[in-house]
A.B. asks: 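Before anything else, here's the structure in question.
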2 protein chains.
Amino acid sequence: MRKAPTSKDVARIAGVSQSTVSYVMSGKRPISETTRRRVEDAIAQLTYHPHAGARALAGHRTDAIAVIMPFRSASTAQRLMAFVEEITLAARRRDHDVLLVTADEGPDGLRRVVGRSLCDAVVVMEVGTNDERARIARTLPLPVVFIGVPEDTHGLECLDFDFEGAGALLVDELADLGHGTVDVLGWPRDVVETNYNYVPRLTRGVERAAAARDVELRWHRVPGDHDVRPVLADACADRTDRPGLILLAAIPEAVRALSDLGLRTGTDVDVVALSTEAEAQEQGLTAVSTQPRDVSRRVMERLFALLDGTAPEAREVDLVPATLVRRASTRR
Amino acid sequence: MRKAPTSKDVARIAGVSQSTVSYVMSGKRPISETTRRRVEDAIAQLTYHPHAGARALAGHRTDAIAVIMPFRSASTAQRLMAFVEEITLAARRRDHDVLLVTADEGPDGLRRVVGRSLCDAVVVMEVGTNDERARIARTLPLPVVFIGVPEDTHGLECLDFDFEGAGALLVDELADLGHGTVDVLGWPRDVVETNYNYVPRLTRGVERAAAARDVELRWHRVPGDHDVRPVLADACADRTDRPGLILLAAIPEAVRALSDLGLRTGTDVDVVALSTEAEAQEQGLTAVSTQPRDVSRRVMERLFALLDGTAPEAREVDLVPATLVRRASTRR
DNA sequence: TTGTATGCGTTATCAC
DNA sequence: GTGATAACGCATACAA
């Protein structure tokens with residue numbers, strides 16, 4: 001538990017100057033094979049680790065990425081975790097650390113981590129349609145990548161799943177199955193009101209496809225208490241035709257509610273959903289999955305390209321395409 | 001996009017010395033009301049933020065907590081997210097940031113964040129029964145708090161949910177309902193083999209209670225592909241008595257499988273589970289919930305007590321008690 | 001109550 | 001190919 005060794009200690013043991021130690025570590029100038037060896041041996045012997053703060057101070061970089069994360073959100077925990085995991089792994093592959101910032105710090109969170117030089121770049125998850133953080137990002141001297149698409153993407157780096165395409169796929173699938181009327185179980189009121197940008201995008205995709213396929217839409221909302229039974233009873237009961245249902249939220253609850261109502265998915269009712277891959281599998285749902293891992297990978301590629309200065313011309317918006325996987329909840 | 005202001009800039013504008021600015025921010029010595037005002041005004045005017053690296057270098061503290069997180073684990077994403085969220089919020093309340101470290105860096109992750117002086121304390125999630133990180137922690141000059149209970153807790157700070165008590169509650173509930181035989185759907189092989197410490201703890205609780213209540217246990221395992229239908233068919237079909245089932249893993253899949261088998265929970269079969277609160281509600285299960293938020297809160301209390309030097313005598317192990325909530329999956 | 005001066009452990013610019 | 005040395009921005013011991 002004695003004091004941590006510094007590069008000076010390494011230098012002394014290796015019999016070189018401190019700056020040489022630094023150059024061995026950074027590789028920023030040629031080093032003879034013999035001194036490199038002696039330095040590396042000394043480093044190993046002392047289990048020397050460079051002091052991150054000193055490095056940040058002198059080197060003007062932190063080797064850290066800040067991630068602004070909305071814990072309470074329209075996304076499921078699974079989806080959020082997938083984002084965070086993939087981002088963290090990508091960061092480590094490039095020897096960067098991840099600083100977790102809660103979105104409920106608001107725009108100040110972004111200002112803080114950048115102002116304090118805590119990171120070299122920022123990932124903002126779940127940007128709003130009209131998000132102050134987008135305005136701030138344009139003024140910042142470091143890369144900020146958004147997951148989501150705000151209204152005005154000018155000068156921003158945005159990546160996301162193609163929710164509009166997803167909405168269209170879901171409607172098309174039910175239309176192909178012959179449904180002229182489709183019931184949509186949409187997000188609860190509080191989610192819609194928080195202005196998440198993908199709510200309108202998904203909605204647009206659904207509505208355009210419905211118009212194109214001449215499908216009548218009936219929108220329902222998950223109640224605040226997540227008890228969807230009455231909603232689904234209202235939508236599906238007492239019908240002569242076979243109901244077609246799109247689930248956007250409260251998916252496990254909805255599947256269970258249908259079962260309680262005596263409706264077998266794929267038999268008595270066709271169900272398609274927007275969900276994570278895992279949830280769709282667990283519930284056996286024909287679904288469009290939101291591919292958080294693909295999105296994260298592209299986010300980090302773009303982010304490091306910006307840090308490396310190897311980024312091609314600004315893309316502004318990059319969308320991961322939607323695909324539909326058929327499972328037991330629809331009968332073809 | 002000009003250079004970030006420093007405390008020297010603040011000092012110049014406020015007409016004081018740089019050290020006075022520092023003391024105003026830290027509150028470590030008395031400052032006259034007038035100078036405090038002028039400094040604070042200057043800070044606001046420049047939107048000054050202290051440089052985290054410089055602060056860490058000079059002040060020997062980072063105001064950051066590292067969290068070592070197992071993304072792929074026996075826990076659900078919900079449970080992991082609850083931990084991370086609660087830890088992050090608690091950290092922010094004390095003006096600390098959170099550094100996310102993936103557990104698959106192994107013990108080196110712990111060495112690295114500490115060696116580089118990236119944090120003032122560490123939280124290690126899901127410690128193994130015999131975890132090298134526990135040995136390392138004992139040698140480190142900063143607080144390390146474990147979520148979980150390794151075999152040898154000597155000199156460690158461990159907190160967790162009382163899995164042993166949980167196991168007993170689940171068995172007792174089914175015994176109270178008159179079940180003389182209980183089928184347990186346990187974790188998949190890979191989870192058990194990863195040596196998570198709560199697997200043996202839960203198992204011990206189940207087995208002791210079963211012995212005490214004279215209940216026969218039949219252990220089953222979730223298959224690698226998570227298709228639990230054959231397992232549950234095997235356990236519950238062709239029986240004259242009413243099956244009693246304990247679910248420890250793959251809970252949504254299991255509930256769906258029972259439904260597919262034509263078994264109504266609470267009517268044809270009594271089901272109790274170890275799960276998150278949310279999952280139990282979604283599935284309507286009588287369950288013991290693992291209270292990740294309570295555990296996290298206690299972890300952070302302990303951690304900051306250690307940082308403040310106000311920690312009472314070492315506790316070594318602190319367990320959050322288990323409670324059972326009855327829902328529709330058991331009929332009393 | 002305030003100012004001066006030093007050091008924290010790196011990086012990077014000069015010199016050699 | 002290597003060694004001095006000056007920043008980097010802040011905290012704090014020492015003066016006043």
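Lettering follows sequence order; numbering is per chain, from 1.
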A.B. asks: Reading DNA chain D 5' to 3', which nucleotide is the first, and which the last, to come under 4.0 Å of any heavy atom in chain B?
C.D. replies: D/dG9 to D/dC14

A.B. asks: ring-ring contact (aromatic ring centres under 6.0 Å, His included) with B/Tyr196: which residues, sequence neighbours excluded?
C.D. replies: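 B/Tyr196 satisfies ring-ring contact (aromatic ring centres under 6.0 Å, His included) with no residue once adjacent residues are dropped.
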
A.B. asks: Reading nucleotides 1-8 of chain C from the 5' end, what letters show protein touch, with B for base, S for backbone sugar-phosphate only, - for no heavy atom under 4.0 Å?
C.D. replies: SBBBB-BB

A.B. asks: With respect to B/Val113, which candidate in B/Thr62, B/Val67, B/Val101 satisfies the side chain to side chain contact (heavy atoms under 4.5 Å, CB included) definition?
C.D. replies: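 Only match with B/Val113 under side chain to side chain contact (heavy atoms under 4.5 Å, CB included): B/Val101.
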
A.B. asks: With sequence neighbours left out, write down each residue that passes side-chain hydrogen bond (donor to acceptor under 3.5 Å, both in side chains) with A/Ser19, or none if nothing qualifies.
C.D. replies: A/Ser17

A.B. asks: Would you work out how much the helix from C/dT1-D/dA16 to C/dC16-D/dG1 bends between its ends, with each end axis defined by five base pairs, to 10 degrees?
C.D. replies: 40°

A.B. asks: Can you name the residues that form a side-chain contact (heavy atoms from CB on, under 4.5 Å) with A/Ala90, not counting sequence neighbours?
C.D. replies: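 Counting only residues at least two positions away or on another chain, A/Ala90 forms a side-chain contact (heavy atoms from CB on, under 4.5 Å) with A/Arg93, A/Met300.
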
A.B. asks: Mind checking what makes side-chain contact (heavy atoms from CB on, under 4.5 Å) contact with A/Thr102, not counting sequence neighbours?
C.D. replies: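 Per chain and number, A/Thr102 pairs via side-chain contact (heavy atoms from CB on, under 4.5 Å) with A/Phe71, A/Asp104, A/Glu105, B/Thr88, B/Leu89, B/Arg92.
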
A.B. asks: Please identify each residue that fulfils side-chain hydrogen bond (donor to acceptor under 3.5 Å, both in side chains) with A/Glu86, with sequence neighbours left out.
C.D. replies: A/Arg293, A/Arg297

A.B. asks: Can you list every salt bridge (Lys or Arg N to Asp or Glu O under 4.0 Å) pair that touches residues 7-19 of chain B, not counting sequence neighbours?
C.D. replies: B/Asp9-B/Arg12

A.B. asks: Show every side chain to side chain donor-acceptor pair (under 3.5 Å) that has at least one partner inside residues 39-61 of chain B, sequence neighbours left out.
C.D. replies: B/Arg61-B/Asp63

A.B. asks: Only distances under 3.5 Å count here; give the side-chain donor-acceptor pairs of residues 149-159 of chain B to other protein atoms, sequence neighbours excluded, each with its distance to 0.1 Å.
C.D. replies:
| residue | atom | partner | partner atom | Å |
| --- | --- | --- | --- | --- |
| B/Asp152 | OD1 | B/His154 | N | 2.9 |
| B/Thr153 | OG1 | B/Glu316 | OE1 | 3.3 |
| B/Glu157 | OE1 | B/Arg302 | NE | 2.4 |
| B/Glu157 | OE1 | B/Arg302 | NH2 | 3.4 |

A.B. asks: The criterion is side-chain contact (heavy atoms from CB on, under 4.5 Å); which residues satisfy it with A/Glu193, sequence neighbours excluded?
C.D. replies: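 With sequence neighbours excluded, A/Glu193 shows a side-chain contact (heavy atoms from CB on, under 4.5 Å) to A/Arg189, given in chain and number order.
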
